[in-house]
Amino acid sequence: MIEFDDHLIYGTGKEAAVAGFANELIVLAMLMTNYPNSSKVDMPLASYDIIIERTTGSHASFLRAQVKTASKSIPFTGGSRGGVDRSYDPQIHQNKQYTQNITTSDLVIGIHRSKGQTVLYLIPTLVISILGQKSLANTKADVFSDWQIIDLCDKESELKEHLRQRITTSHPLMKIDSFNTWIST
């Protein structure tokens, strides 16, 4: 029997980079069961890792997805990778870190791995901009563990309606004022 040792999803530096790369491949494999024309992107400076072909009737469109390891929360930031210029551009005196938004990707896919279970959280960047946060706790993201989010991620009114059916007023996500206001209107 092949078992997964969950200590590998935590770590820093090289270990975290290897786990992150492995997680991208695991997410891609899982995506391909429902979206067979998905692909890893081989563009090191892209703000997304995976392209997903979504087909509606005879129309196909492509979504950009950024994969993030979700140990306890799903991070929404990028641009802080290692290297000499990893977090600060001295020429323009600006931090290079950014929060994912609709111009950088369509979806952030958080992957949480533990012994015997892998969970995906499909967070539309549309919702990330509404939350106004740099991350979201896994306990608040459970409503986004649903394949249908891919089909709805860029359709605001349909996404709202879908989430309204999945979420209760006592759900911890409803305690975020900006989300509560958005979903209630």
Side-chain angles (χ1 to χ4, degrees), residues 1-44 46-55 61-82 99-101 104-128 131 133-154 159 162-163 165-168 171-174 176 179:
M1 175 191 312
I2 298 173
E3 291 188 3
F4 170 69
D5 189 350
D6 64 354
H7 87 276
L8 296 175
I9 64 171
Y10 307 105
T12 58
K14 195 183 289 188
E15 289 174 351
V18 170
F21 183 71
N23 284 340
E24 289 173 17
L25 296 174
I26 292 166
V27 168
L28 179 60
M30 292 175 74
L31 278 168
M32 291 179 80
T33 61
N34 290 307
Y35 298 88
N37 209 14
S38 297
S39 179
K40 180 124 174 47
V41 174
D42 192 13
M43 299 184 318
S47 56
Y48 49 93
D49 300 314
I50 292 175
I51 294 287
I52 304 164
E53 183 181 46
R54 176 180 63 181
T55 307
S61 59
F62 292 90
L63 299 173
R64 304 159 298 164
Q66 174 66 40
V67 177
K68 295 290 190 174
T69 300
S71 300
K72 294 181 182 173
S73 64
I74 302 108
F76 300 145
T77 57
S80 60
R81 189 71 81 178
T99 302
Q100 289 288 339
N101 60 67
T104 57
S105 64
D106 301 297
L107 205 56
V108 170
I109 302 176
I111 176 171
H112 178 79
R113 294 171 27 194
S114 61
K115 282 192 176 184
Q117 186 178 36
T118 299
V119 178
L120 298 184
Y121 302 100
L122 310 169
I123 317 287
T125 52
L126 166 75
V127 173
I128 291 170
L131 292 171
Q133 299 181 171
K134 293 187 182 228
S135 66
L136 184 65
N138 295 356
T139 55
K140 293 179 181 176
D142 62 339
V143 297
F144 297 106
S145 189
D146 175 7
W147 287 118
Q148 223 176 339
I149 298 293
I150 291 175
D151 294 325
L152 304 174
C153 72
D154 57 347
L159 176 63
H162 180 73
L163 291 173
Q165 292 172 13
R166 292 182 49 87
I167 201 166
T168 64
H171 191 280
L173 193 56
M174 295 300 281
I176 301 172
F179 181 83

Handout entry: Audit row: I149, I123, side chain to side chain contact (heavy atoms under 4.5 Å, CB included) steps and yes/no
Key = CA-CA 8 Å; I149 298 293; I123 317 287; over 6 Å; no
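- Contact between Q133 and F76 at its shortest, heavy atoms only, is O-CD1, 3.4 Å.
- The two residues P172 and T139 make their nearest non-hydrogen contact at CG-O, 4.0 Å.
- Contact detail for L107 and L122: the closest heavy-atom pair is CD1-C, 4.1 Å.
- In this structure, S73 contributes its side chain and A137 its backbone to no donor-acceptor pair below 3.5 Å.
- Partner R113 forms a side chain to side chain donor-acceptor pair (under 3.5 Å) with one of T118, N23, T69 and no other, that one being N23.
- Without hydrogens or angle criteria, S145 side chain to Y121 main chain gives no donor-acceptor distance under 3.5 Å.
- Using modelled atom types, one side-chain atom of K68 and one backbone atom of T77 make a donor-acceptor pair closer than 3.5 Å.
- Contact record, A65 with Y48: O-CB, 3.5 Å, taken as the closest heavy-atom pair.
- Under the 4.5 Å side-chain criterion, counting only non-hydrogen atoms from C-beta, L159 is in contact with L163.
- Side-chain contact check for I109 versus Q66: every heavy-atom pair is 4.5 Å or farther apart.
- Between Y35 and W147, the angle of the ring planes lies from 30° to 60°, which puts this pair in the tilted group.
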Exercise for the section: Start with the C-alpha distance between D146 and R166, add both sets of side-chain angles, then the distance that settles salt bridge (Lys or Arg N to Asp or Glu O under 4.0 Å), and finish with yes or no. Expected result: CA-CA 10 Å; D146 175 7; R166 292 182 49 87; 3.6 Å; yes
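- Remark: side-chain polar atoms of T125 are not paired, donor with acceptor, to backbone N or O of Q100 under 3.5 angstrom.
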Exercise for the section: Could you walk me through whether L63 and I51 pass side chain to side chain contact (heavy atoms under 4.5 Å, CB included), step by step? Expected result: CA-CA 6 Å; L63 299 173; I51 294 287; over 6 Å; no
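- Atom CD1 in I26 sits 11.0 Å away from atom CZ in F21 (nearest 0.5 Å).
- A donor-acceptor contact shorter than 3.5 Å is absent between the side chain of N34 and the backbone of M32.
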Exercise for the section: Start with the C-alpha distance between R54 and D154, add both sets of side-chain angles, then the distance that settles salt bridge (Lys or Arg N to Asp or Glu O under 4.0 Å), and finish with yes or no. Expected result: CA-CA 12 Å; R54 176 180 63 181; D154 57 347; 2.8 Å; yes
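- Within 6.0 Å of the NZ atom in K40, the count of heavy atoms belonging to other residues, nucleotides or ligands exceeds 12.
- With H112 contributing its side chain and A70 its backbone, the two residues share a donor-acceptor pair below 3.5 Å.
- Distance check, rounded to the nearest 0.5 Å: OG1 of T99 to NZ of K134 gives 4.5 Å.
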Exercise for the section: Just do the side chain to side chain contact (heavy atoms under 4.5 Å, CB included) check on L136 and I176 with the steps written out, would you? Expected result: CA-CA 10 Å; L136 184 65; I176 301 172; 4.0 Å; yes
Exercise for the section: I would like to know whether I150 and L31 meet side chain to side chain contact (heavy atoms under 4.5 Å, CB included); could you show each step before the answer? Expected result: CA-CA 10 Å; I150 291 175; L31 278 168; 3.5 Å; yes
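- In this structure, the side chain of R64 does not engage the main chain of I50 through any donor-acceptor pair within 3.5 Å.
- The two atoms that bring I74 and A141 nearest to each other are CD1-CB, 3.6 Å, heavy atoms only.
- For K140 against H171, the heavy-atom pair with the smallest separation is O-CE1, 3.3 Å.
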